[in-house]
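Notes for the one structure printed next.
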There are 2 protein chains.
Amino acid sequence: MPTLDSATRDRIVAAATELIMERGYEKTTMRAIAERAEVSLGSAYYYFGGKEELVQGFYLAIARRQHELLEQRIDGVTSFGKRLDACFEAFLDASDEYRAISDSLLSFAIVPTSPLSPFSAQSRPARNQFLRTFEELVDGSDLKTDPRLREALPELLWIAQMLIVLGWVQDLSARQRVTRTVVKRLVPALARLLSAARLAPVRPFVTDALESLAMVRQRTYVGEQVKALGS
Amino acid sequence: MPTLDSATRDRIVAAATELIMERGYEKTTMRAIAERAEVSLGSAYYYFGGKEELVQGFYLAIARRQHELLEQRIDGVTSFGKRLDACFEAFLDASDEYRAISDSLLSFAIVPTSPLSPFSAQSRPARNQFLRTFEELVDGSDLKTDPRLREALPELLWIAQMLIVLGWVQDLSARQRVTRTVVKRLVPALARLLSAARLAPVRPFVTDALESLAMVRQRTYVGEQVKALGS
DNA sequence: GAACCCGTCTGAACACGTTCAAATCGCGTG
DNA sequence: CACGCGATTTGAACGTGTTCAGACGGGTTC
């Protein structure tokens, strides 16, 4: 399994990406990928463990596109609610391009032992991109909340975004308008909730939730050093 | 595609179930299933559209087992929190038996157009069983909440249970203890939240959430008549 | 130069899910 | 009984993802 950069490797990914976008994942054959990349079938398997591995690029592409769209749209906006809303919207816009293959992507992502799990070591680049986006989102905002919650927030929002995507794939309405509407409605409520986390009566809930998160983190990421939250 | 009851049909399901439990879904071949069921390969395809269809029985089995376990455990208990806790625990206990194949099950379930989607017409028997369980859970409890919320509650709890299962498959801790612990922690909070729904300051949130749910329902179930909530 | 190594590449071969034309069965009808 | 007809059954054949024994190529060592 070569880890060296290689033009061949890139050609195969490019061919796979093109074909998958043209015909969908299932209808794209390894033979077709090899042919377009001008390598033999065996070579494709020399560079990649299998067909599944060839979709890894999509996550990162979505993550980058979300970040790009978001930057354009929240320039100068400081309201946390507005920023979060723009963020999720950017994510859905970025995902739209890949809607036709989102089923396949999600099917792989859901398997915890798969390299395509969002928590896997192989997904680290895409995951980091997502987390950076949320970090920036919070940093540039006027949000005032419990500092412990603030620290965990990027990861929490990333997880929330994954829950949104679950609804999004299930959403059969035209252009997934239902998902967009529901997100638009829930974001303000979430913003208010996060602000309320500072108040004394709510704090035990926050503590409870954060402890749960800490527990979950320890047991979710596979083959990774998990940095503890809090110092 | 015959819909008549048939001993052959049952033999094939039985063979498939056995083999999948023995070896897992991927390693079970249609040829092996046909052989054990003492039919030809072609016959298996005469009765079932494909390999995927042969896992339909698992959902219903889990739903029934949950109900069975729950009945034993909440006899006489009226506290809503305790009943809900027991319910989720019964669900996780029922699911444990199928943990080895839960990846495959979930991979199929996540595809909205698949007959194995929990929202599909084919999943209706299992879905109804789940909803009945939650209906009974709420009915026999001391929960006092907003009546509109009360009506939507079985479905909401069912959805919550599906979110739990998402965490459960990702949970790599021994015997999925993390998931169980987190559920145990969050249930009381949820119970308090539902009680609080009666209070005036919270009501707008409830209205908002229920409207969102109504929207989602209209666009999620495929090929089904969706009964409106409220009369 | 010869021998050797090792990273790269090849396509035939395998096992699988699925399809299908043809064979067989069961049974009502003339 | 013979005939016909639809339901059922069959296994060969197809296209697929994947594996593997071997071929190739260029660099290093004696």
Side-chain angles (χ1 to χ4, degrees), chain A residues 1-58 101 103-105 107-108 111 113-116 122, chain B residues 1-58 101 103-105 107-108 111 113-116 122:
Chain A
M1 232 179 265
T3 46
L4 290 160
D5 294 31
S6 140
T8 310
R9 214 184 148 81
D10 294 345
R11 277 215 318 286
I12 298 172
V13 195
T17 308
E18 284 172 30
L19 284 166
I20 290 173
M21 288 301 284
E22 284 172 23
R23 317 179 186 174
Y25 177 80
E26 323 260 331
K27 298 198 133 183
T28 300
T29 73
M30 287 299 284
R31 285 167 179 80
I33 292 171
E35 194 178 351
R36 183 166 302 194
E38 293 177 315
V39 295
S40 73
L41 182 58
S43 272
Y45 279 93
Y46 179 71
Y47 285 97
F48 296 92
K51 194 180 169 188
E52 268 192 43
E53 275 188 22
L54 286 165
V55 306
Q56 279 193 354
F58 287 105
I101 58 166
D103 289 0
S104 312
L105 255 46
S107 288
F108 296 138
V111 179
T113 55
S114 157
L116 284 94
Q122 286 90 335
Chain B
M1 234 180 264
T3 47
L4 290 160
D5 295 29
S6 138
T8 309
R9 212 186 150 81
D10 294 346
R11 277 216 319 287
I12 297 172
V13 193
T17 309
E18 284 172 31
L19 284 166
I20 290 173
M21 289 301 284
E22 284 171 22
R23 317 180 188 174
Y25 177 79
E26 323 260 330
K27 297 197 133 183
T28 300
T29 74
M30 287 299 284
R31 286 169 177 81
I33 293 171
E35 194 178 352
R36 183 166 301 196
E38 291 177 314
V39 296
S40 72
L41 182 58
S43 272
Y45 279 93
Y46 180 72
Y47 285 96
F48 296 92
K51 195 180 169 187
E52 269 192 40
E53 274 189 23
L54 287 164
V55 306
Q56 280 194 351
F58 286 104
I101 58 165
D103 289 0
S104 313
L105 256 46
S107 288
F108 296 138
V111 179
T113 55
S114 158
L116 284 95
Q122 286 90 333

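Note that these values count all heavy atoms, side chains included, but never hydrogens, waters or copies made by symmetry. Proteins come first, then strands; the chains are lettered A, B, ... in the order of their sequence lines, and each starts at number 1.
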Would you say a side-chain N or O of Y46(A) is under 4.0 Å from OP1 or OP2 of dC9(C)? no
Separation of atom CZ in R11(B) from atom C1' in dT9(D), rounded to whole Å: 12 Å
Of the candidates dT10(C), dT18(D), dT8(D), the side chain of Y47(B) sits closest to dT8(D)
Output the single nucleotide from dG7(C), dT9(D), dT18(C) whose closest atom is nearest the side chain of S40(B). dT9(D)
Interatomic distance, Y45(B) OH vs dC14(D) P [rounded to whole Å]: 17 Å
If you look at every heavy atom in V55(B) and L105(B), which pair is closest and at what distance? CB-CD1, 4.3 Å
Ring-face cation of R9(B) near Y46(B) (centre distance under 6.0 Å, axis angle within 45°): no
Would the distance check show the side chain of R11(B) and the main-chain N or O of A37(B) forming a donor-acceptor pair, the cut-off being under 3.5 Å? yes
Quick one: E35(A) CD to dT16(D) P, roughly how many Å, whole number? 11 Å
Report which part of the nucleic acid S43(B) touches: base, sugar-phosphate, or nothing (heavy-atom distance under 4.0 Å, all strands). base
In terms of side-chain heavy atoms of T8(B), which of dG17(C), dT18(D), dT9(D) is nearest? dT9(D)
If you check every side-chain atom of V39(A), which of dT18(C), dT10(D), dT10(C) has the closest atom? dT10(C)
Whole Å only: how far is the CD1 atom of I12(A) from the C1' atom of dT8(C)? 11 Å
Whole angstrom value for the distance that separates P of dT18(C) from CE of M30(B): 6 Å
Could you give the NZ-to-P distance, from K51(A) to dG15(D), as a whole number of Å? 16 Å
I want to verify a distance call: between dT18(C), dT18(D), dG7(C), whose nearest atom is closest to the R31(B) side chain? dT18(C)
Residue L41(A), side-chain atoms from C-beta onward, closest of dA12(C), dT10(C), dT10(D): dA12(C)
